[in-house]
Amino acid sequence: MPDIPEGMAPARYKGHGVGLREGNYYNTDGSKRKRLVDGTPVDNLSLEPGDELLLQDEDVYGKTLLFDPQGNRQPLYLGLGRVVKPEHADLSDKERAELGYERHLGRPDFEPIEPLEKFLKRREKAGKKEKPKEVPQSVVVGQPANVSAEQGESEES
Amino acid sequence: MTAPLVPFRGSNFYAGFSEETVPGTPVAPSIFPRWRNGTKVEIAADFSEEKEGDGSRRTTLLIKTGSKVKITLVSSLRPNERGYFEKWAQGASSDTYTAPAVSTTLAGATLANATSVTVHANTGLTGSGTIALVLEPGTATEEIAIFTIPATGGSDPFTLAVDPSYNGGHLKLAHANSGAVKSKATHTIPDGNEGPYVTAEFGFGNLFSAGGTAIRVRSCKVNKFTTEGEKGKILMDTIEMIGIVSTVQGSPATVTLEQHGPFIFYQGAYTVDGNSTAQALRKFSLERNNNVDDDTQGEGLNPTCLIFTDLDVKLKYSLILTSFSPIYKTFFGSTTGTTDSTQVGLGSFNALFTQPDTLNTLAYNILTVGYTNTPWPDAQEDGKHWDLDVEGTSVVVPPSGSGPNNAYKLQTTLTNTQYGAY
């Protein structure tokens, strides 16, 4: 079975039905998304409700950034899902928001196939546990440069 | 030998949008309109040069005083995605959704070239005439075809014949048993009060592994939405948004594209002042301006909120001149006026675009247009026809009228295959 590209997570489409722009897409097992046309495999660029494919993990689960509301420091990427630093665990959501916590939600037209905790555990098993870091300024497609979350809906360890 | 540069291709770009369900909480984009030249993102940072005297002439302290984001999207919006932008421009909860009259399923598989289908229910399929139905909406085998009604057979399964006006009476695609069969969904979107916040994301050279970057702009509102049509061309939408703050993104979005076609000027039927324009319309422009208040910076660098203020709706159109009545109306108060008048010339405007499938339609309606300028045409030596340029503004309270105000300045009505409220 092919490897699942790093930074990707399985997701199920629940939107109306659209096309995908030209490019490479992967099934949830990591194999290339293809369909047969007259017996020849070609890139499958259709997207129907219920289709499952790999998507950028932060588009599936969302992410948390820690901003400096004054704009003096670069934002810190805390991880996938809702992440709280231990020193802020006792604060209310409003107080955290004032500190610069910014939760980004995932795509509304996709849903995760596996819970975030399970996804993170699987990733951790594969030795991909990483630390929070500043938001990167460049993109590597298919191999996202951003770090993964250490914890999802709970506190950062 | 020096290696050649690896530049970014200028069309390696995407623009994506999603409505924020919680204001201020960004959402990964899910709607990716195809963009045109003129689309741009500007981080509008303001600077101040502070010159303090220390005896020299070299002192200048530069500080940043504020920052927000200005976005311009130029696009020919497709029927389903258009509804999102219409709602975002018209206001939160402005969409009133009417479910399709026909919602059933195929009672058996059909092959390409079939002349009929069988369905399980005939609700909405009685009466007589024809109806546009979409088979398997939202799938790779979606097909919008015209059928003859009533459905025949008397009981489940009912038979629906493909109307000869559609592809000679033959379906183009094969369809699976149990596939959905629906008629149009209707979205009625008048202007409302406050607009919803939207997250926007822009990829610059980051598709196709090109190693570029992306920025996500949270908490944007639609400031202006201009729709322009011109003879023989597709409708062009220019949407100006203002956003609160931008952040670089670590990964590019998965770009999804709506597969329906854009609206074209000649798909329109235009009614001005209650009368058909009789093919005379050459172009039009409909501009909504929410006059968003973005001067809300507080303790931080960025605005603290964005507010819809007064709504302006401006209309411009150009007609082949066959009558001077619009000029009389504008300046002399009525089509029969003969001299300057205090009366404002009033009329109305309606444009209805119907795609060939007859299911996807777009209508703009202004109940009362107050005409503000209709200049006499310039004399021209070449003897060609005159175009009459007309400008007006949507008026809610008729200046000399009585009775209730108009319910809206502009109402958009969309019929499409978006089966749920925006």
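Quick caveat, the model's predicted, so the values are computed rather than measured. Per chain, numbering begins at 1; letters A, B, ... match sequence-line order.
For the set A/E48, A/R107, A/E22, A/K63, the count of heavy-atom pairs under 4.5 angstrom toward chain B peaks at A/R107. Highest contact tally toward chain A, considering only B/E142, B/R218, B/K64, B/E19, is held by B/R218 [criterion: heavy-atom pairs under 4.5 Å]. The candidate from B/V245, B/T25, B/V22, B/L301 with the greatest count of non-hydrogen atom pairs under 4.5 Å with chain A is B/T25. Ranked by non-hydrogen atom pairs under 4.5 Å with chain A, the options B/A28, B/P26, B/P137 are led by B/P26.
Side-chain polar atoms of A/S31 and A/D29 form a donor-acceptor pair below 3.5 angstrom. B/E50 and B/S48 form a side-chain donor-acceptor contact under 3.5 Å, judged by distance and modelled atom types alone.
Between A/R33 and A/D51, at least one side-chain N (NZ, or NE/NH1/NH2) sits under 4.0 Å from a carboxylate O, which counts as a salt bridge.
The cationic atom of B/R78 (NZ for Lys, CZ for Arg) does not lie both less than 6.0 Å from the six-membered ring centre of B/F263 and within 45° of the ring axis.
Within the 4.5 angstrom heavy-atom criterion, atoms from both the backbone and the side chain of B/T417 approach chain A. For a residue to count as touching a neighbouring chain, one of its non-hydrogen atoms must lie under 4.5 Å from one of that chain's; by this rule B/T256 touches chain A with backbone and side chain alike.
Exactly one of B/F85, B/F32, B/Y197, B/Y84 qualifies for a ring-ring contact (aromatic ring centres under 6.0 Å, His included) with B/F17. That residue is B/F85.
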